[in-house]
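For reference, positions follow the sequence shown, starting with 1.
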Amino acid sequence: MAAALTHIPVLLNECMQGLRIREDGVYLDGTFGRGGHSRQILSRLGPQGRLIGLDRDLAAVEVGNALARADSRFTMVHTPFSQLKSVCESMGLLGKIDGILLDIGVSSPQLDDGERGFSFDKDGPLDMRMDQSAEKSAQSVIATYDEKQLAYVFKVYGEERFATKVARAIVQRRAIMPFTTTKDLAQVIAAAIPGKPTPKHKATRCFQALRIEVNAELDELKQALAAALQALAPHGRLCVISFHSLEDRMVKTFFREQSEGEKIPAHIPLTAEQLEAVRLKSATLEVVGHAQKASAEELSTNVRARSATLRVAERLAAPATVEGE
C-alpha cells in the first residue's frame, strides 16, 4: 500500500539549481522517499553520472531498488542519512561527492498511510517509525516514558506551551487504559490543552515531537551535516530542506559556523584583509544565497510545501599550503 502512495517533491527547481548538476557528476540523495528529486537529478546526468539514494523507510527502499534495476547510474542503500559518510567510504567516494540533498522530516506517503501512525487525520496504530525495522515506536514512548520525560519531549521538540499538562494527562489515562491508536492519543492531548479548538489541531505539536523522538531526527541531522562535510568534493554543494524551526535553526547555525571559520579574539589587531584570510583558511563552507521558500505557484498545487525552507552551501576547496608550514 505505502509504495503506491505518491509524493510531490518540494522546491524541486530550487534544489536542482542549488545542486548545480554536472552531467558527469556524482550526487547523493539522502532522503530518497519516492524518488521525485532523484529522478530529476538523473534526468540531468549523462551516461557517466552517478546518483546514490539513501532512505531508512523500507517502502522507499523498495521503490528505489526498482529504479536501480532500471537505471544503472543509480544505487539504492537502506540506511539513515546520518550514515552517508560510511556509505561513501564503502564506495570509495568519500570527498568526491559533487552534491548532497537532504529533505528532512516526514514524507507525504508516510503521512497519507494511516497504518504508519504519523497522522491523526487517519486513525491508525501508534507507530511513527521511519524505519519499520526499528524497535522504538510512538506506542513504546507513550507507554514507558515518565511524566517528566514526556513533558521534555513535548516542550523541546514540539515547542508545546502546555507540555506538562499534556504529559500528566497521558500518564493518568494510560494507568486506566493503554494508548493504541493515533486518534485516541490526539483526543487526550487536545483535551489537556486549554482553549477552544483551532484550525490547526491541538495535538499537532505533540505529534511532531513524538515523531522526532521516535526517529532521533535531530541527532540524525546533526550527524548527517558533519558527515556531508567529509563526503563533499571541493566546490560540492549541500542542499537541505527543513520543515520546522528546530531543523532550520540547526542547519542555519551549522552553515554559519562552518562559513565563519576560526574565531579570532576581538583584541587581536588584524586588518579586514587579514581576518578574511584567516576565515578562508579555516572555513569549510560558503553559504550560497538566502533561505528559499516555496513560490505561490508551487503552493497552489502542493500546500505541504508551505513550511519548507531550503538552504544551500558550497564546500570550500582546501586552502593552499604555504611553503614552510
**Prompt:** Quick one: do Asp57 and Arg129 make a salt bridge, cutoff under 4.0 Å?
**Reply:** no

**Distance-only donor-acceptor check, side chains Glu217 and Tyr157, under 3.5 Å** = no

**Request:** Verify the distance criterion only: is there a donor paired with an acceptor across the side chains of Thr309 and Gln292 at less than 3.5 Å?
**Result:** no

**Complete:** So the salt bridge (charged side-chain N to carboxylate O under 4.0 Å, His left out) pairs with at least one residue in residues 75-93 (sequence neighbours excluded) are none

**Asked** If we ignore angles and hydrogens, is there a donor and acceptor under 3.5 Å between the side chains of Glu286 and Ser259?
**Response** no

**Complete:** In this structure, OG1 of Thr182 is separated from CG of Asp123 (nearest 0.5 Å) by 4.5 Å

**Request:** Rounded to the nearest 0.5 Å, what's the gap from CZ on Phe81 to CG on Leu54? Could you check?
**Result:** 9.5 Å

Hey, can you pull the donor-acceptor pairs under 3.5 Å for the side chains in residues 18-25, sequence neighbours left out?
unit_1: Arg20; atom_1: NH1; unit_2: Glu314; atom_2: OE1; d: 3.4
unit_1: Arg20; atom_1: NH2; unit_2: His235; atom_2: O; d: 3.1
unit_1: Arg20; atom_1: NH2; unit_2: Glu314; atom_2: OE1; d: 3.3
unit_1: Arg22; atom_1: NE; unit_2: Asp24; atom_2: OD1; d: 3.2
unit_1: Arg22; atom_1: NH1; unit_2: Asp98; atom_2: OD1; d: 3.1
unit_1: Arg22; atom_1: NH2; unit_2: Asp24; atom_2: OD1; d: 3.3

**Item:** Summary of salt bridge (charged side-chain N to carboxylate O under 4.0 Å, His left out) pairs that have at least one residue in residues 175-200, sequence neighbours excluded
**Value:** Arg173-Asp184

**Prompt:** Does the side chain of Glu220 pick up a donor-acceptor pair with the side chain of Ser82 at under 3.5 Å?
**Reply:** yes

**Message:** Minimum heavy-atom separation for Ala209 and Gly158, please, with both atom names.
**Reply:** CB-N, 3.5 Å

**Message:** Can you tell me if Tyr152 has over 12 outside heavy atoms packed within less than 6.0 Å of its OH?
**Reply:** no

**Prompt:** Do other residues, nucleotides or ligands put more than 12 heavy atoms under 6.0 Å from Gln48 CD?
**Reply:** no

**Prompt:** Does the side chain of Asp29 come under 3.5 Å of the side chain of Ser38 through a donor N or O and an acceptor N or O?
**Reply:** yes

